[in-house]
2 protein chains.
Amino acid sequence: MPAKPKLPTLDDVAKAAGVSTATVSRCLNAPDRVVKATKDRVLAEVARLGYTPNFGARAMAAKRTFTVGAIIPTMDNAIFARGLQAFQEQLHERGYTLLVSSTSYRPEIEAEQVRTLVARGADGVLLIGYDRDAAIYEYLASRSVPTLIAWAYDKENPQPSVGFDNRASMQALAQLVWDHGHRRIGVISGTTQGNDRARRRLEGLRDVFAQNGLPHEALKVIETPYGVKNGGIAFAKLMAGDMPPSVVMCGNDVLAVGAVRRAHLMKLDVPRDVSITGFDDIELARIVSPPLTTVHVPHRKMGRAAANALIDMVETDSIGPFPPLQSKIRMRASLADINGNVTGTPDP
Amino acid sequence: MPAKPKLPTLDDVAKAAGVSTATVSRCLNAPDRVVKATKDRVLAEVARLGYTPNFGARAMAAKRTFTVGAIIPTMDNAIFARGLQAFQEQLHERGYTLLVSSTSYRPEIEAEQVRTLVARGADGVLLIGYDRDAAIYEYLASRSVPTLIAWAYDKENPQPSVGFDNRASMQALAQLVWDHGHRRIGVISGTTQGNDRARRRLEGLRDVFAQNGLPHEALKVIETPYGVKNGGIAFAKLMAGDMPPSVVMCGNDVLAVGAVRRAHLMKLDVPRDVSITGFDDIELARIVSPPLTTVHVPHRKMGRAAANALIDMVETDSIGPFPPLQSKIRMRASLADINGNVTGTPDP
DNA sequence: TTGTAGGCGTTATCAC
DNA sequence: GTGATAACGCCTACAA
């Protein structure tokens with residue numbers, strides 16, 4: 001262990017400026033409660049010595065850490081990376097620092113991560129989606145740690161959240177597909193177990209087709225884990241029968257990209273032979289050929305909004321509700337009507 | 001501010017177990033220095049009360065936080081997101097937590113972020129690439145905070161680092177391009193100012209073509225900021241003259257994807273009319289059509305290795321050197337020889 | 001093996 | 001407006 005040179009402390013600054021530690025502390029935390037002359041002198045010393053408050057000490061004395069924790073499935077996924085980046089930027093803007101943990105898609109370790117974050121004094125915690133063991137919510141509540149759900153919004157659920165309505169968004173897309181005349185529908189859904197976002201999307205889609213009177217057997221659903229490859233495999237299965245779907249709706253863009261690429265391999269023209277839709281509108285959606293008709297989600301806006309909401313919860317005891325964010329459909333060339341006519345933006 | 005329920009403290013546990021706080025502390029930090037009978041009794045109380053050590057207090061008393069900080073340009077970029085995810089996973093594996101900051105590509109705010117991380121008691125710090133103000137290195141050194149550079153490896157540079165040799169990697173690719181018979185070369189480089197990774201790549205490429213005697217005017221270089229769109233714009237410029245290059249080598253895959261898409265728009269066939277190469281081998285590289293010939297970088301391996309290296313530096317005072325990671329060329333269909341024959345994997 | 005007591009750096013509550 | 005001073009919760013010599 002290297003012998004850490006002693007960092008300058010409040011005391012050092014106080015001595016150097018010829019005032020008490022209390023005054024230095026005030027200069028930093030309540031600048032208006034100190035007269036300008038002394039303030040200038042103190043701040044000059046702060047700068048000269050390169051003083052930075054000691055975190056542990058401050059946490060202990062003030063019972064605040066200006067740290068918030070986030071637990072996400074993984075950063076290695078464009079939809080979380082994007083929002084998390086914006087979340088962190090906004091946190092920084094407001095003087096907070098981000099502590100991250102990831103479950104690597106193993107929900108069973110989330111409880112432990114929550115404990116770790118709380119033990120580290122996180123002033124608030126960000127979680128993705130609603131689905132999790134009730135014990136986690138209870139633990140957080142018992143410790144009075146402000147907790148915000150992101151990437152989902154369900155007006156029925158009392159948990160404070162910042163996100164969009166996955167179900168309603170998918171309903172809009174499904175209705176669009178229906179209006180394009182499609183009556184044989186294939187669906188590639190992400191894993192719904194323990195993932196309310198995927199589940200809501202699937203529900204939204206079923207809602208619409210049922211309402212419109214689509215016979216049950218005309219809707220074929222395959223559920224599969226995340227990944228380009230998995231999307232391709234599921235697509236091949238859906239297209240295998242003798243009455244293949246005219247459109248394959250995917251639970252997210254990554255699955256959809258897998259489907260598109262598999263279609264190419266199978267010498268199927270998208271969208272003439274089969275239409276494909278996605279969800280999320282990640283960068284990939286515009287780059288694949290043909291570009292995906294998908295649901296655009298304001299990831300960065302959501303990240304920023306989540307940061308502001310969570311900090312407000314921490315600082316003002318607010319508990320929302322926060323207004324849902326709006327998603328919107330992006331019409332692109334991967335969706336055609338039942339006659340093969342594309343109404344979206346042509347490639348590219 | 002919600003009134004936080006008072007968490008159990010060491011003292012509470014000590015009282016409940018009828019021992020001193022020192023004993024409780026030892027049970028937790030040096031279990032073998034306490035007799036089994038009392039240890040059992042103490043640990044039972046710890047569990048019953050749901051005691052967790054207070055982080056701030058522990059940090060102050062022990063001068064260790066089991067926290068490491070990372071400062072990256074942005075999480076919203078596949079190459080950092082991947083490595084960072086692996087870094088975090090390995091940190092967690094070894095009992096550490098990750099504090100993240102991002103510069104959003106504004107190097108001038110890095111110094112401040114470093115201070116913040118150090119003030120928060122980060123036991124070590126991860127930085128991307130070598131290029132930065134010397135004052136930052138001095139600050140870190142003066143505080144004896146173990147600092148590791150990632151995403152780059154330069155054997156000339158004494159800073160401990162975990163990464164690969166950007167220059168040598170690009171040299172290998174450039175030689176391959178040369179061997180394919182290309183003699184009119186276009187280059188789209190990322191911004192080299194303050195970015196040694198981009199600069200080294202460009203150097204590697206110049207090295208090879210100069211060595212092989214390529215006339216100076218046959219190498220046209222455009223430097224541009226990161227982004228698909230920027231890649232496209234640069235590509236259009238390079239192809240504008242009456243002696244356009246037969247190959248366009250890009251500093252990263254994102255620029256290359258921009259180039260490929262712009263080529264489509266310009267009705268140019270890749271690679272028959274012009275070859276295009278990338279660097280990084282992100283997922284996109286395999287999805288774009290044609291797939292990119294590029295340099296594969298082991299992002300996850302690098303993230304894990306960085307975590308291990310940094311923790312070793314923190315715990316054992318090691319300062320490396322750590323062995324460089326190996327990149328390798330991925331031959332795919334975006335590169336053809338000068339006669340238009342593809343030797344890489346055909347699409348897809 | 002276990003207990004006592006000092007100190008870590010800050011904030012907050014009082015007096016002055 | 002400013003200065004003492006008492007917490008805050010834990011670790012770790014040092015003593016017993």
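Keep in mind that the numbers below use all heavy atoms, side chains included, and drop hydrogens, waters and symmetry copies. In what follows, chains carry the letters A, B, and so on, assigned in the order in which the sequence lines appear, proteins first and then strands, with residues in each chain numbered from 1.
- Using a 4.0 Å cut-off, some side-chain N or O of B/T23 falls inside it from OP1 or OP2 of C/dG3.
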* To do: Just do the salt bridge (charged side-chain N to carboxylate O under 4.0 Å, His left out) check on A/R304 and A/E93 with the steps written out, would you?
  => CA-CA 10 Å; A/R304 264 198 313 277; A/E93 194 71 28; over 6 Å; no
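- Counting non-hydrogen atoms of other residues, nucleotides and ligands closer than 6.0 Å to CD1 of B/I109 gives a total above 12.
- Judged by distance alone, the side chains of B/T67 and B/R120 never bring a donor and an acceptor atom under 3.5 Å apart.
- Counting to the nearest Å, the C1' atom of C/dT2 and the CG atom of B/D32 are 15 Å from each other.
- For the helix from C/dT1-D/dA16 to C/dC16-D/dG1, the end axes, each set by the C1' atoms of five terminal pairs, are bent relative to each other by 30° (nearest 10°).
- Note: NZ (B/K15) to C1' (D/dG9) measures 12 Å, nearest angstrom.
- In this model, no donor atom of one side chain and acceptor atom of the other lie less than 3.5 Å apart for A/Q159 and A/T147.
- Note: A/E110 CD to A/D133 CG = 9.5 Å, rounded to the nearest 0.5 Å.
- Put simply, CZ on B/R132 and CG on B/N195 are 10.5 Å apart, with the number rounded to the nearest 0.5 Å.
- For the residue pair A/Y105 and A/N77, a side-chain donor N or O sits within less than 3.5 Å of a side-chain acceptor on the partner.
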* Structure fact -> Each nucleotide of nucleotides 7-16 of chain C classed B (base within 4.0 Å of a protein heavy atom), S (only sugar-phosphate) or -, in 5' to 3' order, makes -BBBBB----
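- Comment: B/E112 does not engage B/R115 in a salt bridge, judged by the lack of any side-chain N to carboxylate O separation of less than 4.0 angstrom.
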